[in-house]
Every structure is written in C-alpha cells, then in structure tokens.
> 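First, the structure itself, so that you have it in front of you.
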Amino acid sequence: MLDVLAADQPWEVPDEWLAGVRGRLRAWAEDPTTLRPGALPDFVEGTPAAVWFTHQVAPLLTGWVPVLHGEYADIAAVLTRDFHRPPVRFGGAGHLIQVAATDWPLQAVAGARSFDEEGRRQALQLSRDVVSLFVDAPPMAARAQALTAAYDRVLADREATRMHVAADYETIVQFWRTAVLGDAERAVLPELAGSSAALRYSLDTLRDAHAKLSAASADDDTRDFAQLLARLIRATGLDGQPAAVGQILGVAGWDVEHSLADLRGGFDRDAWLTRNTEWLARAIAEDQQVLARSWAAAATRVSVHLAGVLVHGPWPEPEVPDLGAFFQLLDRERFAPVDAPLTSTAERAAPAFRSTGAVSGGTEQSAVATPLKLAWSSDQVAGSADPLPDAEPAVDDVLEPATEAAPVAAPVAATGDRPAADESAVPKPVVPRDGALAELEALVGLESVKESVRRMVAEIKTNQRRKELGLPTQDRARHMVFVGKPGTAKTTIARLLARIYQELGVLEKGHVVEVDRSDLVGPSVGSTAPMTAAKFREALGGVLFVDEAYTLVPENIPGDYGLEAVATLLKMMEDNRDDCVVIVAGYHREMQRFMESNTGLASRFPKLLSFSEYDTDQLVAIFELQARQKGMIHSADVLAVVRRIIPAAPRAHNFGNGRFIRNVLEEAISNQATRLSMRDPDTLTERDLRELLPEDIKPAASMHAEDYLLQRPGT
C-alpha cells in the first residue's frame, strides 16, 4: 500500500504494475546503447541513467513536497531494488517527506551537460520515457501526464530540442519556467515556476483547505487563517513573518502580524500541536477524512517553506503538523475490523498519540537524492532549489543536525483474543533525512564519535572557506584509527564518513573498500606489495577500511610479510594524500601495539575514534530501530524478553554488541514465520505478518560464528 497524504485514499499497488516498471528498468540495463553516467552513489556499477532518474522522480510525481506512508512509502527503492544498494533501507509503517529542486524534471538533462549532443538528446528523451512509466499510477498520474505532455512538446519542436542539447543550463531552466507548461499543467506542477510560485501555491492551498475543513469541522482555536499561519510560524521556530510570506499575502499579512503579536505573550508549541491533532481526529470521526488529509498536506508544505528547508535549513522538530500522530489516526481507521466498529465518536476521535507532539513512524526529511553533479562527473552542475526569497537565514544542517524525536504509539489494533500490543513500544524509525551526517546522527549511541565527526566537518568547511578567501589553510591528514569491540558500528561509521567526505567535495567517489590481512598479504616473497597496492588503487577517491589491522604485524613473528603491506600502505598514503582516506580498525590494546610497530604510523594517523560498547538500553533501542526498518511491530513484552536475553555487563570479550542484536531480530523473524506457517495462509492479516510476539524472541540458535568464536584478548 502506498498512501500519499494529499490523495483522497491509499493506493493498493498492483503486483503487475510493479513488475512492469521493474521489467522496463531491466530492459534499459540490458541495452548496450542506453545512457550510463558511470559511478552513481548507492547504485550498482553500470546502472543506467534512466534507472537513477526513476529513483529520483517516483516520489516527486506524487506532489510538491510529497508525504508518503505505508509499506511502499519508499516507492523509489521498491522500484529500483535490483540496482539500488543504500546503507539503510526504510521499512515499516512510517512516513517519508521529500523536497526537490524546482527544476527536478531536468536533473538528467543537467547531469548530461558535459556529454556530446547525442548524449544530451538521449538524456532529454529518457526523462520523458521515465516519467511516462507513471501515467497509469493513480497517485502520480496527473503530474506524470502533465510532465509527459511537456516533454513531448519539447521533443516535437526542433528548435526547443536543439536548445536542450546546446544551450547553457540556466537558459533551459528559464525556458521551462516561462514557456513550456500550459496553465493546466502549472496547476499540478506549481514548483516548476520557481520557489516564489511554489510558496504562493502552498499558502493558497492551505488557506483553501483550512476554510473547507473549518467549515466542516469547527475549530475554535484557529478558525481564522491568519491565526493558523501565526501559529505555524511560531511552531516552526520563527519569531516573525518571513518577508516573502508578507509580500504574497499583501494586506492580509497585517492580520498575521497582529496574530503573532498576540502570541508573544506565550505560545506552547507542544500543546498547540496536540490540540491540532485532536481537531484532525474529530474531523476524521465526522467522516471528513479527505479534507483532513488535504489540510495536513498543505500545512506540511507551508511548514517546509517556513522552516527554510528550501535553502537547506533545519527541519521543524517536531514536525508541523504532527504527521506521525495523524497517520496513526488514519491507520486506526484502516486497520479497524469492519464488523467491530469503534463504538462512539469520542472513541474514534481519541488520539492515538502522546500529548508531547512527538513524531511517530519514521520520516525521511531530505532534499531530492544525490545531485547529478556529484553522481555523474565533477564538472557538471545540476540545478538546485531556488532559495525562498527573503527567508529567514538558514541554519547549517550539517553542523547542527536535527534532534531525533521520541517514539510514540504504533498504528495497530488488537485482534481476536490476543492482548493488544503495547503500542508505545513502537519507535520512530531513523531513516536518511538530509545526507550522510543526518544518518550518522540517527544512529543509537556513539556520542563521542558523532562529536568527532562534527569537528572534522567543521574543520573541512572552515578550510574550504579560507581557501576561497585566499587565506592559508590548516589541512592535515584525514587517516584515522578506529578502536572498539565487534559490533560497535566501526564499519558503518567508515561508510558514512566516506559519503560525508564525498558530499563535502573532499573525496571524488565516496566509496569504501573493506579489506583485512588476507586481501593485503601474499603467500610468498614479492606478492604482498602488488596486492596491497592494487587494493589501495581500488580505494582511490574513497576510503580504504582495514579491519583487524593489527593482524598485519603479528607478535613474535619477525619477517612476517605483513610488515611489507604496512610499508606499502605508508608509501601510497604519502603519494596519494588527498585522494584516499585510510581507516585502520581493531581492538584497543592490539591497535596500540600496531601503531607502535612502525615509526611512521603514528604521524600518518593523527585522529583516533573510540567506539564504546553499547549498554543494555542502547541494545534494546537498536532492536527497536532495526525492527522498524524491517517493517515489524511489537509490544513492550517483546522488548522485555529482548532485555532478558542480553548478557549482563560486564560482557564477554567476544560479545557481538549490535551484531548480537541483529541476529536476535533475524532469529525472531524466522521464529515468527515458523509460528505463522501453522495457520491457514488465507487467514493471515497484514498485522499478523508484521507483528512479533514474546514467544518469537529467543537466544539465536544460528548466531554468526564471529559473535562467539574466541578472539585475541583485548581491552
């Protein structure tokens, strides 16, 4: 099911439609003449540009600032699963929000700027062909049909096509904003006219939706639009009305100013969010679900503008409106048994959320995916979102990442004689929101590691600014030592760092080559140096991650070939100091011995990141997070069992930490499958397939060997 907030109802995605789109993508991949841009982050090597573009446009065809919910909320990843290999996948019944550049239909055209004319013409044609895949998908149909018609007009016009393959990109963008779309097409693709037009559209649709919903379901607190907008402004974190909003509202902007003045005596954002959700709950109870959905979608668009997201500002935290709580209300209606309706309007309106305004489910709050200037080549400039005119200054979301919201109730109901799940146990899944640093912030624990990464990012950005101003820079080697026990996210952090450096322009590719002793040390004299050099060259433009690096210099074995591997690494690190980051990892004590084994190592690795063991609460939180990412729901009783099977501290030296929890979850899902196999498949509901019960949680009988094999003692 794909539930687009702005649509009237969810869409049960047909299997045959999914198969048809995936088949078309595979056909592109098998066509030797199709456009292939080269390395695309998080995609398999050789992925066609059409597949990448499908991943970008699928959610954006559902609306300007779309809010997607349900099992297929990450529709882009669902369609491109044969090619897309992200480090984290969204799962479960959370929701995603995306914001695109106002020139998003031209991203393939922008990415092909440095290609020859035939390549640029092919980029234009594939843009049309990709969008046409969605003309028969109800949530995307209107925007896909309008955009396909616009592409067809351009391709049918010889001069317009010529401009797309020969003119500079800004000319192409301006042409689309002023000449390509008709009035009917602009009505469904308002953002293509620029950020000012998008802001006007967002304000107009909110005013219209608010008038209709207030008339259908009384809201004494903010019946007046000016009062509503004033509360949205304050709830989003602003003290005053942005100038761009006032310019669009005209005289009505003075009403907003008066309402803001009234709120300066005191405004409780959490209390207002709670009252707002209660109002939406009443509307749903009064059979005004379509109007409530339209209002929530419009309010989200306006809050995105107000928060400065279009100029890369911070997302509102918590979300405004509280979409997690709202989707719980919608899911409560959806999952309620037909033969057991809620008994009263009061019960139907009772909000399934805590009164903190915290977000439930999960939210991907991010701009459109990797810009083509990073994905295709370093000298191609893709379009970016226009800044909101006169918007409040944006806070740098890299240096000040958004705070993770607290978990709230899950959108499920009890069935049969089984006790209802303790819905407060279902956490907010953490999914990518705005780049690799935001993903880092969403990880459980690792506070000292996160702080170190923030400092490294700040240092890089400061040096970049110094260079722009012609000042001396303070560059130093970026190679690092990671120390910590197994399962403490060392490899995960290495992958995120590679992406962060690529996003900052420090590394060209941002990939990670993971190696251990067997990849670097040969079996005979003269074989080690070539093996090590080959792996290092493979990592150029990214990160070389050497796990258990201390095994390269085993104790009491003089003349071991591993010493040659270390010497080769040091030489190539010096020769390619700006083209590759080397990270060596292992246990604390052994890594100290490793660093002392060669006088050149300490100077080459100036930074050490220490990964602490997870405590029991953090391990339980990791279970909750990973369960949500796999689409599972559970009760508090399940978490109690998980807590019981986690070994008490101090734990054995070989305890697997996060890996241990991953195995417990995988075993639980396997146990659930065994339990459900005893039932008639036709009787299984969606909830049955997603819910873990306490009896499913058992110490994993099939743990991975690395979790239990004795390893060298360390501290």
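Atom set for the values below is all heavy atoms of this structure, side chains included, hydrogens, waters and symmetry mates excluded.
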> State the CD1-CG distance between Ile75 and Leu61, to the nearest 0.5 angstrom.
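Going from CD1 on Ile75 over to CG on Leu61, the span is 11.0 Å.
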> Does the Arg234 side chain pair with the main chain of Leu260, one donor and one acceptor, at a distance under 3.5 Å?
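Not at all, since once roles are kept as given, no pair shorter than 3.5 Å links the two residues.
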> Taking all heavy atoms of Arg153 and all of Leu181, pick out the closest pair and write down the distance.
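In terms of heavy atoms, the two residues are closest at NH2-CA, 4.1 Å.
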> Counting only N and O atoms by type, is there a donor-acceptor contact under 3.5 Å from the side chain of Gln107 to the main-chain atoms of Gln56?
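Not a single qualifying donor-acceptor pair exists.
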> Check this for me, if you would: do Arg275 and Asp268 make a salt bridge, where the nitrogen-to-carboxylate-oxygen distance has to be below 4.0 angstrom?
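Salt bridge absent between Arg275 and Asp268.
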> Whether the Gln288 and Ser217 side chains hold a donor-acceptor pair (N or O, under 3.5 Å, no angle test) is what I'd like checked.
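Absent: no donor and acceptor within the cut-off.
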> So, does Arg177 use its side chain to make a donor-acceptor pair with the main chain of Thr102 at under 3.5 Å?
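No; judged by distance alone, with no hydrogens or angles, the pair does not exist.
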> Is it true that a side-chain atom of Thr205 and a backbone atom of Ser202 form a donor plus acceptor pair closer than 3.5 Å?
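Answer holds: yes.
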> Report the relative orientation of the aromatic rings in Trp279 and His210; use parallel for angles under 30°, tilted for 30 to 60°, perpendicular for over 60°.
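If you compare the ring of Trp279 with that of His210, the planes turn out perpendicular.
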> Given Ile233 and Val256, is the side-chain contact (heavy atoms from CB on, under 4.5 Å) satisfied, shown in steps?
CA-CA 10 Å; Ile233 289 171; Val256 177; 4.0 Å; yes
> Flag the pair Val99 / Trp104 as yes when at least one side-chain heavy-atom distance between them is below 4.5 Å, and no otherwise.
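Val99 does not reach Trp104 side chain to side chain.
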> Which distance, rounded to the nearest 0.5 Å, do you find between the CG of Leu280 and the CG of Leu291?
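It comes to 11.0 Å.
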> Please name the pair of heavy atoms, one in Leu213 and one in Ala283, separated by the smallest distance, quoted to 0.1 Å.
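Shortest heavy-atom contact: CD1-CB, 3.8 Å.
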> Does the side chain of Leu2 reach to within under 4.5 Å of the side chain of Val78, using non-hydrogen atoms?
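In short, these two side chains do not touch, never coming nearer than 4.5 Å.
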> Give, for atom NE2 of His84 and atom CG of Leu79, the distance between the pair rounded to the nearest 0.5 Å.
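His84 NE2 to Leu79 CG: 12.0 Å, rounded to 0.5 Å.
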> Quick check: closest heavy atoms across Ala235 and Phe267, and the distance to 0.1 Å?
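Closest approach of Ala235 to Phe267, heavy atoms only: N-CE2, 3.7 Å.
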> If you draw a 6.0 Å radius around NZ in Lys212, do more than 12 non-hydrogen atoms from other residues or ligands fall strictly inside?
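No.
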> Looking at Pro321 and Leu273, what are the two nearest heavy atoms and their distance?
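Closest approach of Pro321 to Leu273, heavy atoms only: CA-CD2, 4.3 Å.
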> Report yes if some heavy atom in the side chain of Leu330 is under 4.5 Å from a heavy atom in the side chain of His69; otherwise report no.
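Side chain of Leu330 against side chain of His69, heavy atoms only: no contact under 4.5 Å found.
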> Output yes when a side-chain donor or acceptor of Arg231 lies under 3.5 Å from a complementary backbone atom of Ser259, and no otherwise.
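Answer holds: no.
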> So, Trp176 versus Asp103: side-chain donor-acceptor pair below 3.5 Å or not?
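There is no such pair between these side chains.
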> Hey, what do you get for CH2 (Trp17) to CD (Glu12), rounding to the nearest 0.5 Å?
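Spacing of CH2 (Trp17) from CD (Glu12) equals 13.5 Å.
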> In plain terms, say whether Glu191 and Arg301 are close enough for a salt bridge, that is, a side-chain N and a carboxylate O under 4.0 Å apart.
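Result for this pair is no, no salt bridge flagged.
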> Without swapping roles, check the side chain of Thr62 against the backbone of Pro59 for a donor-acceptor pair under 3.5 Å.
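Yes; at least one donor-acceptor contact below 3.5 Å.
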> Given Glu185 and Leu192, is the side-chain contact (heavy atoms from CB on, under 4.5 Å) satisfied, shown in steps?
CA-CA 10 Å; Glu185 292 159 347; Leu192 301 195; over 6 Å; no
> For the pair Thr80 (side chain) and His55 (backbone), establish whether a donor and an acceptor sit closer than 3.5 Å, ignoring hydrogens and angles.
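Such a contact is absent between Thr80 side chain and His55 backbone.
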> Measuring only between side-chain heavy atoms, which start at C-beta, is Leu96 closer than 4.5 Å to Val67?
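Contact flag for Leu96/Val67 side chains = no.
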> Return the CG to OG distance between Leu206 and Ser294, rounded to the nearest 0.5 Å.
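Atom-to-atom, Leu206:CG and Ser294:OG are 9.0 Å apart.
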> Donor-acceptor pair, distance only, cut-off 3.5 Å: does the side chain of Arg128 make one with the backbone of Asp152?
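Answer holds: no.
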> Any sub-3.5 Å donor-acceptor pair from Gln145's side-chain atoms to Val135's backbone N or O?
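Such a contact is found between Gln145 side chain and Val135 backbone.
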> Tell me, do Leu306 and Val245 make a side-chain contact under 4.5 Å, heavy atoms counted?
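Answer yes - side chains close enough.
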> Minimum heavy-atom separation for Ala58 to Phe134, with atom names?
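Ala58 and Phe134 have their closest heavy atoms at CB-CZ, 3.9 Å.
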> After noting the C-alpha distance and the side-chain angles of Asp129 and Tyr151, does the key distance pass the side-chain contact (heavy atoms from CB on, under 4.5 Å) rule?
CA-CA 9 Å; Asp129 293 343; Tyr151 284 128; over 6 Å; no
> Check whether any side-chain N or O of Arg690 sits under 3.5 Å from a backbone N or O of Ile633 as a donor-acceptor pair, and report yes or no.
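Here the side-chain-to-backbone pair does not exist.
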> Check Asp322 against Thr277 and note the closest heavy-atom contact, atom names and distance.
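For Asp322 versus Thr277, the nearest heavy atoms are CB-OG1, 3.8 Å.
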> When you compare the side chain of Asp255 with that of Phe225, does any pair of heavy atoms fall below 4.5 Å?
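Not touching, per the 4.5 Å side-chain cut-off.
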> side-chain contact (heavy atoms from CB on, under 4.5 Å) between Leu504 and Lys461: does it pass, once the steps are laid out?
CA-CA 8 Å; Leu504 291 172; Lys461 297 184 78 172; 4.1 Å; yes
> Between CZ of Phe327 and CZ of Arg293, what distance do you get to the nearest 0.5 Å?
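Atom-to-atom, Phe327:CZ and Arg293:CZ are 7.0 Å apart.
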> Could you tell me whether the side chain of Trp64 reaches within less than 4.5 Å of the side chain of Val304, counting heavy atoms only?
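In short, these two side chains do not touch, never coming nearer than 4.5 Å.
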